[in-house]
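Every number for a ligand or one of its atoms is a count from 1 in the order of the listing. All of these numbers come straight from a predicted model, not from anything done at the bench.
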Amino acid sequence: MSKRTGKQKDMTRLVHAGREPARQHGFVNTPIYRGSTVLFPTVAALEANDQDFTYGRLGTPTVRALEEAIAELEGGHRTWLTPSGLSAIVTALLAFVSAGDEILVADTVYRPNRRFCDNVLKRLGVKTIYYDPLVGAGIKDLITKKTRVVFTESPGSQTFEVQDIPAIVKAAHAAGAVVILDNTWATPLYFKPFAHGVDVSIQAATKYIVGHADAMLGAVTGTEQVSAAVAKVHEDLGLCTGPEDVYLGLRGLRSLGVRLERHQRSGLELARWLAERPEVARVIHPALPSDPGYALWKRDFTGASGLFSIVLKPVSEARLAAMLDGLSLFGMGYSWGGFESLILPFDPRAYRSATKWQVEGPALRLHIGLEDVDDLKADLDAGFARLNARG
Ligand SMILES: *Cc1c(COP(=O)(O)O)cnc(C)c1O
């Protein structure tokens, strides 16, 4: 890209990465290319098969623009887009495992990631061993001659345990295993996976990169060493992404920096406010100094997004429902990373196997959107009033 210097800061990269207006008649944005067939001018060109684009499934200028931008921001060698965050996880895992292999997966990964391991990988003869995300360098005791992959997600889904990624990378690499990181919470802005030694980074771009709850998209980014393996599986699986969705990813990316600053600020303000509430037993937010993950977060991350959890003091289901059902700004629903605030009850006890979730009462995950923070407090305050009112 013409404006890349390698020294620019992320906020500048967000604006310029993956754009070449001179190639688009001066228009600022890379347009939506639709297409399957790409023509070759000669038999020689057809046989050489080395044009920038050869077939719609294998990429278009729109797809390449977002791939280049994400690779640059993550600090990786190459990015491949996938139709969802989950398909990015699947692609990354299938790039490395064969029948008879073992993989180590953090107990706190995104739940559908676990289902893929327990259903498909199991059927294909790959054994998954779940580990405590706080294992750190102790991961070496779990690594065997058969371990091909150590899968990490930091902080963990719903419960936000911060993993010691450099310690895990050191042990995994010493044994020849690949480290995959689901980097969705931090985004490429607040954690640099490749600077911390990770081999493959996943983004559920559906969340903060798209940022407006209007498209599904995933990204797999790898180092140069793993690129051939990921490229092959990505092609063999037949994955390709819809042009409008990719365009929405590019459009979302331009404002990712300013959106995240606001998500971070409002998230922290609400986390501190919630910590003072008598109804709240604890707040789980890695960027709060009281959080067990704070020291690692401070060492390795440069920011926090707007997603965290709280544990309430014991309360009946009916009272909790009265609180949640009546909220007017916080919506209830899956996914996060959009402009709107969301709240979701969760209970990981039914499916986690390597850790024990021991809490005082019901747990809620909050995504703090771009609304005015005082209005959000008022919505929750009224919710707590309903929670306290019913018998
Ligand atoms: C949502 C999510 C995914 C999956 O993304 P989809 O686009 O919904 O498939 C993967 N990892 C994490 C951490 C997520 O929160």
Side-chain angles (χ1 to χ4, degrees), residues 66 70 74 79-94 105-120 130 133 149 151-163 165 179-191 193 198 200-221 234 237 239-242 244-246 248-249 252-253 256 260 263 267 284 286 293 297 301 304-309 331-338 340 342-344 346 348 351-352 363-369:
L66 183 54
I70 294 176
E74 292 256 42
T79 295
W80 293 263
L81 295 186
T82 63
S84 66
L86 182 58
S87 58
I89 291 167
V90 165
T91 305
L93 282 167
L94 288 179
V105 175
D107 204 31
T108 43
V109 293
Y110 179 63
R111 192 181 181 186
N113 181 349
R114 225 182 150 96
R115 278 197 211 109
F116 173 72
C117 297
D118 295 345
N119 298 334
V120 180
Y130 293 101
V149 168
F151 198 105
T152 60
E153 180 181 326
S154 182
S157 272
Q158 299 179 324
T159 46
F160 302 97
E161 295 83 353
V162 181
Q163 295 199 255
I165 298 293
V179 178
I180 304 177
L181 169 71
D182 186 330
N183 195 31
T184 302
W185 182 86
T187 83
L189 296 190
Y190 291 161
F191 184 81
V198 164
V200 178
S201 174
I202 301 300
Q203 284 292 329
T206 307
K207 309 285 168 55
Y208 282 118
I209 292 178
V210 165
H212 295 71
D214 52 4
M216 307 289 303
L217 213 56
V220 187
T221 304
H234 184 266
L237 287 174
L239 298 172
C240 60
T241 42
E244 271 88 3
D245 294 344
V246 176
L248 289 171
L253 194 71
L256 178 66
L260 273 178
H263 287 297
I284 308 171
W297 172 81
F301 291 69
S305 58
L307 191 76
F308 63 94
S309 289
M332 266 184 290
Y334 297 106
S335 205
W336 43 274
E340 82 289 26
L342 299 169
I343 194 163
L344 202 64
F346 69 90
Y351 56 91
R352 287 188 182 167
L364 301 170
R365 188 190 70 185
L366 290 90
H367 177 251
I368 307 307

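- Regarding atom 8 (O) of ligand 1, its nearest protein heavy-atom neighbour is Met216 CE, 3.5 Å.
- Closest to atom 14 (C) of ligand 1 among all protein heavy atoms lies Lys207 NZ, 2.8 Å.
- Against a heavy-atom cut-off of under 4.0 Å, Ser84 is close to the following atoms of ligand 1: 7 (O), 9 (O).
- Phe308 and Gly267 get closest at one heavy-atom pair: CE2-O, 3.5 Å.
- Evaluated by nearest non-hydrogen atom to atom 4 (C) of ligand 1, the leading choice among Tyr334, Tyr110, Trp336, Trp185 is Tyr110.
- Looking at atom 6 (P) of ligand 1, its nearest protein heavy atom turns out to be Gly85 N, 3.3 Å.
- Distances from atom 5 (O) of ligand 1 to the heavy atoms of Ala204, Gly337, Gly218 show the closest one on Ala204.
- Remark: Arg352 is not positioned above the aromatic ring of Tyr130, lacking an NZ or CZ atom under 6.0 angstrom from the ring centre and at most 45 degrees off the axis.
- For Ile165, the side-chain contact (heavy atoms from CB on, under 4.5 Å) partners two or more places apart in sequence, or in a different chain, are Thr152, Ser154, Gln163, Val169, Leu181, Phe191, His196, Val198.
- A donor-acceptor pair under 3.5 Å is absent between the side-chain atoms of Thr91 and the main chain of His234, judged by distance alone.
- Judged by the 6.0 Å and 45° rule, Arg111 forms a cation-pi pair with Tyr351.
- Heavy-atom proximity to atom 9 (O) of ligand 1, evaluated over Asp182, Asn113, Leu86, Thr82, is greatest for Leu86.
- Taking the six-membered ring wherever Trp is involved, the centroid distance between the rings of Trp185 and Tyr208 does not fall below 6.0 Å.
- With respect to atom 7 (O) of ligand 1, the closest heavy atom belonging to the protein is Thr206 OG1, 2.6 Å.
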